[in-house]
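Residue numbers start from 1 in every chain, and the chains themselves are labelled A, B, ... in the order their sequence lines are given, proteins ahead of strands.
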There are 2 protein chains.
Amino acid sequence: MKINDLYIAIGNRIKYLREEKGISQQDLAARCDFEKSNMSRIEAGKTNLTIKTVYKICSALNIKISDIFYDI
Amino acid sequence: MKINDLYIAIGNRIKYLREEKGISQQDLAARCDFEKSNMSRIEAGKTNLTIKTVYKICSALNIKISDIFYDI
DNA sequence: AAAGTGGTTATCATATATGATAACCAGTAA
DNA sequence: TTACTGGTTATCATATATGATAACCACTTT
């Protein structure tokens, strides 16, 4: 897998898990303490996330980090 | 879990998986195309890894990304 | 002794993730 | 119409991860 495809897969996974919880991008962003624009960037797979950011998102979604990488 | 404990847990996990494969830090670093000093820093949990770096390490160890976060 | 292996720590420059702001679009409600 | 919600994109400053180098330690081998 190419690295950009990995970013996109992670973004898609976050989007899927977020929608599963029925919350909006801006809600999730608020729970993570950052702006909705950044959440959009993340879900679009436009950034090479750090573990800290993944951790914030997982905490906000109340899931484990491994849930993000399930089947990746 | 505090964020620094997460970094340390990930570093420990990488160390464990590396030793399981019976390779040295410097070998793993070489496979990842970076210096052994950086590998030491990573295993010590002194850095907030990016996905790209995790990906390089997993590729070098021939494991899945989710293996790094197993039980974390 | 000298050389090699495995690992740690400090330091630096450079690339880039993050956090923030603003402008924008589409759809819906008042 | 206006206002609100949900999302996207561009841009910027600042913080920091990465990549690299060097010095160092302990241990083993020659």
Side-chain angles (χ1 to χ4, degrees), chain A residues 1-69 72, chain B residues 1-69 72:
Chain A
M1 187 191 284
K2 219 196 138 319
I3 190 67
N4 283 297
D5 294 332
L6 175 60
Y7 300 156
I8 291 170
I10 291 168
N12 287 342
R13 181 80 179 141
I14 291 169
K15 182 184 179 70
Y16 174 82
L17 292 164
R18 173 179 60 80
E19 290 178 341
E20 200 177 41
K21 303 271 178 177
I23 68 177
S24 68
Q25 261 190 13
Q26 34 199 337
D27 279 346
L28 179 55
R31 291 189 199 193
C32 294
D33 273 311
F34 49 69
E35 299 302 315
K36 61 174 185 165
S37 57
N38 299 327
M39 197 68 235
S40 177
R41 185 168 58 185
I42 289 166
E43 287 192 1
K46 292 180 178 167
T47 192
N48 170 21
L49 293 175
T50 65
I51 293 300
K52 189 195 285 186
T53 303
V54 173
Y55 177 70
K56 282 189 203 173
I57 294 169
C58 289
S59 298
L61 287 174
N62 208 32
I63 60 178
K64 287 183 301 174
I65 292 186
S66 52
D67 292 332
I68 294 282
F69 299 103
I72 289 184
Chain B
M1 190 192 283
K2 219 198 139 319
I3 190 67
N4 283 296
D5 294 332
L6 176 59
Y7 300 157
I8 290 170
I10 291 169
N12 287 341
R13 181 79 181 142
I14 290 170
K15 182 183 178 70
Y16 174 82
L17 292 164
R18 172 179 60 79
E19 290 179 341
E20 201 177 40
K21 303 272 178 176
I23 68 177
S24 67
Q25 261 191 12
Q26 33 200 335
D27 278 346
L28 180 55
R31 292 188 198 192
C32 293
D33 273 311
F34 48 69
E35 300 302 316
K36 62 174 185 164
S37 58
N38 298 327
M39 198 67 235
S40 176
R41 185 167 58 185
I42 289 167
E43 288 192 2
K46 293 180 178 168
T47 191
N48 172 20
L49 292 175
T50 66
I51 293 299
K52 190 196 284 185
T53 302
V54 172
Y55 176 71
K56 283 190 204 173
I57 293 169
C58 289
S59 298
L61 287 174
N62 208 33
I63 60 178
K64 288 184 299 172
I65 292 185
S66 53
D67 293 333
I68 295 281
F69 299 102
I72 292 185

Q.
Checking A:Asn38 against A:Thr47 for the side-chain contact (heavy atoms from CB on, under 4.5 Å) test, could you report, in this order, the C-alpha distance in whole Å, the side-chain angles of both residues, the deciding distance, and whether it holds?
A. CA-CA 10 Å; A:Asn38 299 327; A:Thr47 192; over 6 Å; no
Q: Check every nucleotide of DNA chain C for an atom under 4.0 Å from a heavy-atom of chain A, then give the first and the last such nucleotide from 5' to 3'.
A: C:dA17 to C:dA22
Q) Base, sugar-phosphate, or nothing: which does A:Ser37 touch, judged by heavy atoms less than 4.0 Å apart? A) base
Q.
I want to check one thing: is the phosphate of D:dG6, taken as OP1 and OP2, less than 4.0 Å away from some side-chain N or O of A:Arg18?
A. no
Q. Is there a donor-acceptor contact under 3.5 Å from the side chain of B:Arg13 to the main chain of B:Asp67?
A. yes
Q: Classify the nucleic acid contact of A:Lys15 as base, sugar-phosphate or nothing, counting any heavy atom under 4.0 Å across all strands shown.
A: nothing
(Q) How close do A:Ile51 and B:Asn48 get, counting heavy atoms only, and between which atoms? (A) N-OD1, 3.2 Å
Q. Of B:Thr53 and A:Ala44, whose nearest nucleotide on DNA chain D comes first from the 5' end?
A. A:Ala44
Q.
By the 4.0 Å heavy-atom rule, please label A:Asn48 as base, sugar-phosphate, or nothing.
A. sugar-phosphate
(Q) As an exercise, state the distance from CG of B:Leu28 to CD of B:Glu19, rounded to the nearest 0.5 Å. (A) 11.0 Å
Q) How close or far is atom C1' of D:dG7 from atom CD of A:Gln26, stated in whole angstroms? A) 7 Å
Q | Comparing A:Lys36 and A:Thr50 on DNA chain C - which has the more 5′ nearest nucleotide | A | A:Thr50
Q: Look at all strands and tell whether A:Ser24 reaches a base, only sugar-phosphate, or nothing, counting heavy atoms closer than 4.0 Å.
A: sugar-phosphate
**Q.** Nearest atoms (heavy-atom pairs only) where A:Met39 meets A:Ile57
**A.** CE-CD1, 4.1 Å
Q: Remember a base hit wins even if backbone is also touched, and classify A:Ser40 as base, sugar-phosphate or nothing at under 4.0 Å, heavy atoms.
A: base
Q) If you take all heavy atoms of B:Phe34 and B:Ile42, which pair is closest and at what distance? A) CZ-CD1, 3.9 Å
